[in-house]
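Here the structure comes first, spelled out in structure tokens, and everything after it is commentary.
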Amino acid sequence: MIASGIHAQRARIRISTIIVQAASLYSNLMLRVRFAPSPTGFLHVGSARTFIFNWLYARRHGGTMILRIDDTDLERNTEQSLQSIFEGLEWLGLDWDEQYRQSERLALHRQMAESILAKGLAYRDFTPAGSADEAETGHSGGAWLSNPGQREISAEESDRRAVAGEPFVLRFRVPRTGEEIRFHDAVYGDQSKSTDDIEDFALLRSNGVPTYHLASCADDADLRISHVVRGQDHLTNTFKHILIFRAAGVEAPQFAHLPLLIAPDGSKLSKRKHGPVVSVTTYRDAGFLPQAFINFLCLLGWSPKDDREKMTREELVQVFSFEGINRSNAVINFTEENPFDAKALWLNAEHIRTMAAAELAEQLMPVVESAGFTITPEKMAQIIPLIQERIHLLRDVLTVGDFFFVTELPPYDSAELIPKKGDAALALRVLEKALETLATAEFTHDGLDAALRAAAENLGIKAGQMFEPIRVAVCGRKTAPPLFGTLEVLGRETCLARIERAISKLK
RNA sequence: GGCGCUAUCGUCUAACGGUUAGGACGGAGCCCUCUCAAGGCUUAAAUACGGGUUCGAUUCCCGUUAGCGCUACCA
């Protein structure tokens, strides 16, 4: 009896844990976040980071990631910009579960506007667009709150003028009671603002198209978005959104605002002012690895708090949380000479160094080929160990390993061939000795090592003095990957030919 | 102008109210070494300012200053 009682209790405990797990699974299914770009430019690095944080949060908790194109600004939207957004996200390898386009949901937005109007919580403003006195007729020298007289127009008159076809803007009737609007932000904490400081913002433009505020809230409500994760530039807009949700009778989502990414001079990143460094595709084209770029972006405004820097996407998913997001804007460093942030470069190099050689080779092949060189996968595989820890960007393969790809070395100054503490005569002696040595040496790293060191000893010079002219003869410059491996990969024939060229240059 | 937000090395950041204020990038130097990298070691470098509260403040409160955001029929 006792035993079965214990069993029953255990069973009960098990059932209760199952219920808890089910409940948490259920709430995760209900966790829905969205990235809502407006297609008025290419995918911006700041937008990319916003996408990433949303994505990490969704993936961390088994929620749903939604891509919503906020294209209510008809004049400024472009198809090209939309493509750029997709292109950027595709490169980053980030996916989403549902996709919507705001312009296809206008009916829903208008419906919400109408319901707010029907409740008397919005009103028609018949002030002609761009009235000169609009800005000045506000309250007591402070902010503009509404156009005079418009709030007071009776419902009957308003309806009549609307039916008569008089154009109007639908404005939210912000309560003038001095109420404090409050919400809790997962990053910035408790926020409050008096309705006295919130103007009667527009819901519908005079052409009937919803504004951002309305469309965004209507869609967030309809799509059952549970967490709105977006740039801090929307922090003060959130009070308006709270008002809209309340007026529409729906529960507001949770909010998490992100500190902004800014330029070294403290201004916000803009294409006009800062050029291509603000576009995600620029990083792709320069040879950043998507995982490294994501890693870099995550470290701007967020920290795992345990001194980790290099993290894979999987690690990021595991440790991401709003608690790690800080509140001050983060500078992304770049100058005219160095367009990429040094830390981004370092992180990219770090990711490249820890990559499997085969994977790196696969990434490098198209870079080399698109530069007009032909190279076999076998050759590339041999080159990898020589360059892997020497490149920061994929495209660096072209400057670090160029001499592997060309048949004819680009011209170089023959003075480069002369070693330190030596003269042209020494260089010549070295190269002639090298020619002789390499003609017969075993063409492996160790074989070359032994043969060339022996040759140096034979000439009575230091190994370094021996290697330097050979390196320049073979690579065309003084800084290059380690010599023996390089010679081995290049092969006897090429090496001998290049050394002969060097000798004739010296003569 | 009004309102809101923010403030730690050059930059990204860490620090239950008690630390010699930590790490990373970048800089400088040394070691390793066939050059370049990589790696190892060392080093310079910060709590914006002024008041409180407290035995004790980078941390909490107030003010100043600075920066940013919003203040559109942009998003």
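The chains referred to below are lettered A, B, ... by the order of the sequence lines, with proteins before strands, and numbering in each begins at 1. Remember, predicted model here, so these are calculated numbers, not experimental data.
Rounding to the nearest 0.5 Å places CZ of Arg34(A) at 10.0 Å from OG1 of Thr50(A).
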Report, one pair per line, the protein and nucleotides 61-70 of chain B atoms (nitrogen or oxygen only) whose separation is under 3.5 Å.
from   : atom 1 : to        : atom 2 : distance (Å)
C68(B) : O2'    : Asn329(A) : ND2    : 3.3
G69(B) : O2'    : Asp233(A) : O      : 3.2
C70(B) : O4'    : Thr236(A) : OG1    : 3.3

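Counting any heavy atom pair closer than 4.0 Å across all strands shown, Arg390(A) reaches a base atom. Backbone-only contact: Ser328(A) has heavy atoms under 4.0 Å from sugar-phosphate atoms and none from a base. Among the protein residues, Pro481(A) comes within range of the nucleic acid bases, having at least one heavy atom under 4.0 Å from a base atom. Within the nucleic acid shown, Gln191(A) comes within 4.0 Å of sugar-phosphate atoms alone, with no base atom in reach, counting heavy atoms only. At a threshold of 4.0 angstrom between heavy atoms, the contacts of Gly301(A) are confined to the sugar-phosphate backbone, with no base atom among them. Looking at heavy-atom distances under 4.0 Å, Ala342(A) makes contact with sugar-phosphate atoms alone, never a base.
Relative to the ring axis of Tyr412(A), Lys478(A) does not place its NZ or CZ within 45° and under 6.0 Å from the centre. By the 6.0 Å and 45° rule, Arg161(A) stacks over the aromatic ring of Phe126(A).
Between the P atoms of G63(B) and A7(B), the separation comes to 16 Å (whole Å). U8(B) sits 10 Å from A15(B) when the C1' atoms are compared, rounded to a whole Å. U54(B) and G18(B) are spaced 12 Å apart, taking the C1' atom of each and rounding to whole Å. Spacing of P atoms, G10(B) relative to A44(B), comes out at 14 Å, to the nearest Å. For the C1' atom pair drawn from C41(B) and U33(B), the interatomic distance equals 16 Å after rounding to whole Å. Taking the C1' atom of each, A14(B) and G52(B) are spaced 28 Å apart, rounded to whole Å. Straight-line distance between the P atoms of G23(B) and U43(B): roughly 10 Å, to the nearest whole Å. When the C1' atom is compared between C9(B) and C62(B), the two are found 28 Å apart, to the nearest whole Å.
If you check U11(B), A38(B), U6(B) against the side chain of Tyr188(A), the one that comes closest is U6(B). With A38(B), C34(B), U11(B) as the candidates, the nucleotide lying closest to the side chain of Val331(A) is U11(B). For Trp346(A), the side-chain atoms get nearest to G26(B) when compared with the rest of C34(B), A75(B), G26(B). You'll find that the side chain of Asp307(A) is closest to G23(B), out of G23(B), C36(B), C34(B). Checking C3(B), A14(B), C34(B) against every side-chain atom of Ser303(A), the shortest atom distance belongs to A14(B). The side chain of Leu299(A) has C12(B) as its nearest neighbour among C34(B), C12(B), C73(B).
Figure legend. A28(B) is base-paired to U42(B); pairs are counted as Watson-Crick or G-U wobble with both atom distances under 3.5 Å. Taking a pair to require two hydrogen-bonding distances under 3.5 Å in either a Watson-Crick or a G-U wobble arrangement, A48(B) pairs with U64(B). If you check C3(B) for Watson-Crick or wobble pairing at under 3.5 angstrom, you find it paired to G69(B). Remark: U54(B) base-pairs with no nucleotide; criterion is Watson-Crick or G-U wobble with both hydrogen-bond distances under 3.5 Å. Base pairing of U33(B): no nucleotide in any strand meets the Watson-Crick or G-U wobble criterion (both distances under 3.5 Å).
A sub-4.0 Å separation between OP1 or OP2 of G23(B) and a side-chain N or O of Arg308(A) is absent. Under 4.0 angstrom from either OP1 or OP2 of U8(B) there lies no side-chain N or O belonging to Asn326(A).
No donor-acceptor pair closer than 3.5 Å links the side chain of Thr40(A) to the backbone N or O of Arg76(A). One N or O on the side chain of Glu315(A) and one on the backbone of Thr312(A) form a donor-acceptor pair closer than 3.5 Å. Between the side chain of Arg327(A) and the main chain of Val187(A), a donor-acceptor pair closer than 3.5 Å is present. In this structure a side-chain-to-backbone donor-acceptor pair under 3.5 Å is missing from Thr127(A) to Asn147(A).
Rounded to whole Å, the distance from CZ on Arg471(A) to C1' on U35(B) is 4 Å. Regarding Glu488(A), its CD atom lies at a distance of 18 Å from the P atom of C34(B), rounded to whole Å. To the nearest angstrom, C1' of C5(B) lies 10 Å from CZ of Phe183(A).
Here the closest heavy-atom approach between residue Gly287(A) and residue Asn348(A) is recorded as O-ND2, 3.3 Å. Here the shortest heavy-atom pairing between Asn54(A) and Val229(A) reads ND2-O, 2.9 Å.
Classification of Lys343(A) and Asp341(A) as a salt-bridged pair fails, no side-chain N sitting under 4.0 Å from a carboxylate O.
Within 3.5 Å, no donor on the side chain of Lys305(A) pairs with an acceptor on the base of A14(B), nor the reverse. Judged by distance alone with a 3.5 Å cut-off, no donor-acceptor contact links the side chain of Glu389(A) to the base of G39(B).
Residues Glu350(A) and Ser194(A) each lie close to RNA chain B; by heavy-atom proximity, the contact nearer the 5' end of the strand is made by Ser194(A). Looking at which nucleotide of RNA chain B each of Pro259(A) and Leu204(A) is closest to, the 5′-most match is held by Pro259(A).
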